[in-house]
Participant: 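Before I ask anything, let me first share the structure, which is written out below as structure tokens.
All residue numbers refer to positions in the sequence shown, counting from 1. When a ligand or atom number is given, it counts from 1 through the structure's own listing order. Every heavy atom of this structure was used, including side-chain atoms; hydrogens, water molecules and symmetry mates were not.
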Amino acid sequence: MGGAKVAVSFYDLYTNATLAAMTGSTPYGRIEHGALAVEGDRIAWVGPEADLPPEIDRAVQQRRDAGGAWITPGLIDCHTHLVHGGSRAREFERRLQGVTYEEIARKGGGIISTVAATREADEASLLRQSAPRLQSLLAEGITTVEIKSGYGLDMETELRMLRVARKLGEQFPVRVRTTFLGAHALPAEYKDRPDDYIDFVCREVMPRAAAEGLADFVDVFCERIAFSPAQTERVFQAAQQLGLPVKVHAEQLSDMNGAALASRYNALSADHLEHLSEDGVRAMAESGTTAVLLPGAFYFLKDDQKPPVDLLRKHGVPMAVSTDMNPGSSPAGSLLLMLNMACIFFSLTPEEALSGVTRNAARALGLSDRLGTLEAGKIADFVLWDIAEPAELAYRFGFNPCVGLIKNGELIHREVLKPKLHP
Ligand code: NIG
Ligand code: FE
């Protein structure tokens, strides 16, 4: 016998769609009468249907009529704390009576109260509590989510949180990236000994999380109610030794130059940034660090200091947008709502907001080579939307026009073939 093996490709072809490829020179990377060919888990071809190469056309095994829907890249929520125990609804009531977030934190409430609830929850309970939070994101076309630890602050619970995050990625059709945030707050057992706690984080917990393959990134809350720049830097050094990229919660309540510090460690992202200075912006621009804007936390804490969006634009710092889903500062279950808030509160354009949950969110997770845009060679994660134009994703709030979800080339929602369209 011995005939040479011929590689045969088969494609799933999505047609009758308008594409927001989020790349190229047109707004949103818009492609009218678009088609998208998928081969395995990859995008094989994207463009106007009329230009579809005949060799792809001949090898289509499955044709899917998108019914005129818009297609965007799969959404990416690049900053969440969605694995945690309990709720902080009572704290919310106290804040409404005038007690501030910082006062609550200083009196041992805030993050520390979630630590107690998380330590109490075993793995099954944490999974059960976290799954619906994840599901509310998935319903809106999220195909990748970042999940942080940081409500354990001890060896066992930090690892448990990360394990639960990984498990969620196995149980749901979503790509999970995990972040070790052992330096989120000072646990009571280390009261007045923050440097000893940082030692413990750097020498014991982080190496173990890394050795067990549980952490993709390392994050620190650099803030006057959390850790100083010197302590933050020690965590970055330990991360660097383990080969883990860093991120930072910085300039949320005050300017501690945390973003500039993180930039010196080539941070993938600096997040929050309401109090960021122009020097901080410059440092981020030089290191290519993405600014992750969290309008849910800004809103929920009734902040009045906005992140310096004009300066970020001026210096060409890419901006991502995320829910920051967490029980204290942003109990938000909707990334689409964050698009609206990013426009209203931070004056992003709807296109910038959508870039913030696609292309720039991919950057914030170091995944730009694989995700964030509709381009041949990238992973076939994309969403079908029942909208007339892409600005609608940011314009409406409280609506969910997601009518189809494709993850790794696989169709997740069946109703995709018959989206209900606007007239
Ligand atoms: O991103 N800033 C620090 N951490 C979280 C809030 C955590 C909490 O209050 O539970 C945030 O806002
Ligand atoms: Fe956060």
Participant: Do NZ/NE/NH1/NH2 and the carboxylate oxygens of Arg94 and Glu91 come within less than 4.0 Å?
Facilitator: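 Not counted as a salt bridge, because no side-chain N and carboxylate O are separated by less than 4.0 Å.
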Participant: Below 4.0 Å, non-hydrogen atoms only: which portion of Ala297 touches ligand 1? Side chain, backbone, both or neither.
Facilitator: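 Ala297 to ligand 1: no contact under 4.0 Å from either part.
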Participant: Taking Arg166 first and then Glu170, would you say they form a salt bridge - that is, a charged N and a carboxylate O separated by under 4.0 Å?
Facilitator: no
Participant: Nearest to atom 2 (N) of ligand 1, what protein heavy atom do you find, and at what distance?
Facilitator: Gln252 OE1, 2.8 Å
Participant: Salt bridge check, Arg175 against Asp381: does any charged N sit closer than 4.0 Å to a carboxylate O?
Facilitator: yes
Participant: For ligand 1, which atoms, with element, lie under 4.0 Å from some heavy atom of Ile111?
Facilitator: 7 (C), 8 (C), 9 (O), 10 (O)
Participant: Please list, in number order, the atoms of ligand 1 under 4.0 Å from a heavy atom of Tyr151.
Facilitator: 7 (C), 8 (C), 10 (O)
Participant: Could you identify the single nearest non-hydrogen protein atom to atom 4 (N) of ligand 1 and state the distance to 0.1 Å?
Facilitator: His184 NE2, 2.8 Å
Participant: Please verify the inter-ring angle class for Tyr197 with Phe227; under 30° counts as parallel, over 60° as perpendicular, anything in between as tilted.
Facilitator: parallel
Participant: Report yes or no: does Arg88 have a heavy atom closer than 4.0 Å to ligand 1?
Facilitator: yes
Participant: Any idea which atoms of ligand 1 are less than 4.0 Å away from a heavy-atom of Asp324?
Facilitator: 1 (O), 11 (C), 12 (O)
Participant: For Phe345, look at atom CZ and say whether over 12 heavy atoms of other residues, nucleotides or ligands are found less than 6.0 Å away.
Facilitator: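 For Phe345, atom CZ is crowded (more than 12 foreign heavy atoms under 6.0 Å).
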Participant: What part of His84, side chain, backbone, both or neither, has a heavy atom within less than 4.0 angstrom of ligand 1?
Facilitator: neither
Participant: Please report, to 10°, the angle around the Fe ion (ligand 2) from atom NE2 (His249) across to atom NE2 (His81).
Facilitator: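 Taking the Fe ion (ligand 2) as the apex, I get 100° for this pair.
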Participant: What do you reckon, does His79 put a non-hydrogen atom under 4.0 Å from ligand 1?
Facilitator: yes
Participant: So if I count the atoms of ligand 1 from 1 in the order they appear, which ones are less than 4.0 Å from some heavy atom of His272?
Facilitator: 1 (O), 2 (N), 11 (C), 12 (O)
Participant: Determine yes or no for a side-chain-to-main-chain donor-acceptor pair under 3.5 angstrom, with Ser130 supplying the side chain and Leu127 the backbone.
Facilitator: no
Participant: Just by modelled atom types, is the Met22 backbone N or O under 3.5 Å from a matching donor or acceptor in the Arg359 side chain?
Facilitator: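 Between the backbone of Met22 and the side chain of Arg359 there is a qualifying donor-acceptor contact (under 3.5 Å).
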Participant: Taking atom OH of Tyr190 as the centre, report whether more than 12 heavy atoms of other residues, nucleotides or ligands fall under 6.0 Å from it.
Facilitator: yes
Participant: Among all protein heavy atoms, pick the one closest to atom 12 (O) of ligand 1 and tell me residue, atom and distance.
Facilitator: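 So the nearest neighbour among protein heavy atoms is Ser329 OG, 2.5 Å.
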Participant: If you count the atoms of ligand 1 from 1 in the order shown, which ones are under 4.0 Å from a heavy atom of Tyr101?
Facilitator: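 Within the 4.0 Å cut-off of Tyr101, ligand 1 contributes 6 (C), 7 (C), 8 (C), 9 (O).
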Participant: Kindly give the atom name of the N, O or S atom of Asp324 closest to the Fe ion (ligand 2).
Facilitator: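 Minimum-distance N/O/S atom of Asp324 relative to the Fe ion (ligand 2) is OD1.
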Participant: Heavy-atom count check: over 12 atoms from other residues, nucleotides or ligands less than 6.0 Å from His33 NE2?
Facilitator: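 Open: at most 12 neighbouring heavy atoms sit under 6.0 Å from NE2 of His33.
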Participant: Can you tell me if Arg106 has over 12 outside heavy atoms packed within less than 6.0 Å of its CZ?
Facilitator: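 For Arg106, atom CZ is crowded (more than 12 foreign heavy atoms under 6.0 Å).
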Participant: From the Fe ion (ligand 2) out to just under 2.8 Å, does an N/O/S atom of His272 turn up?
Facilitator: no
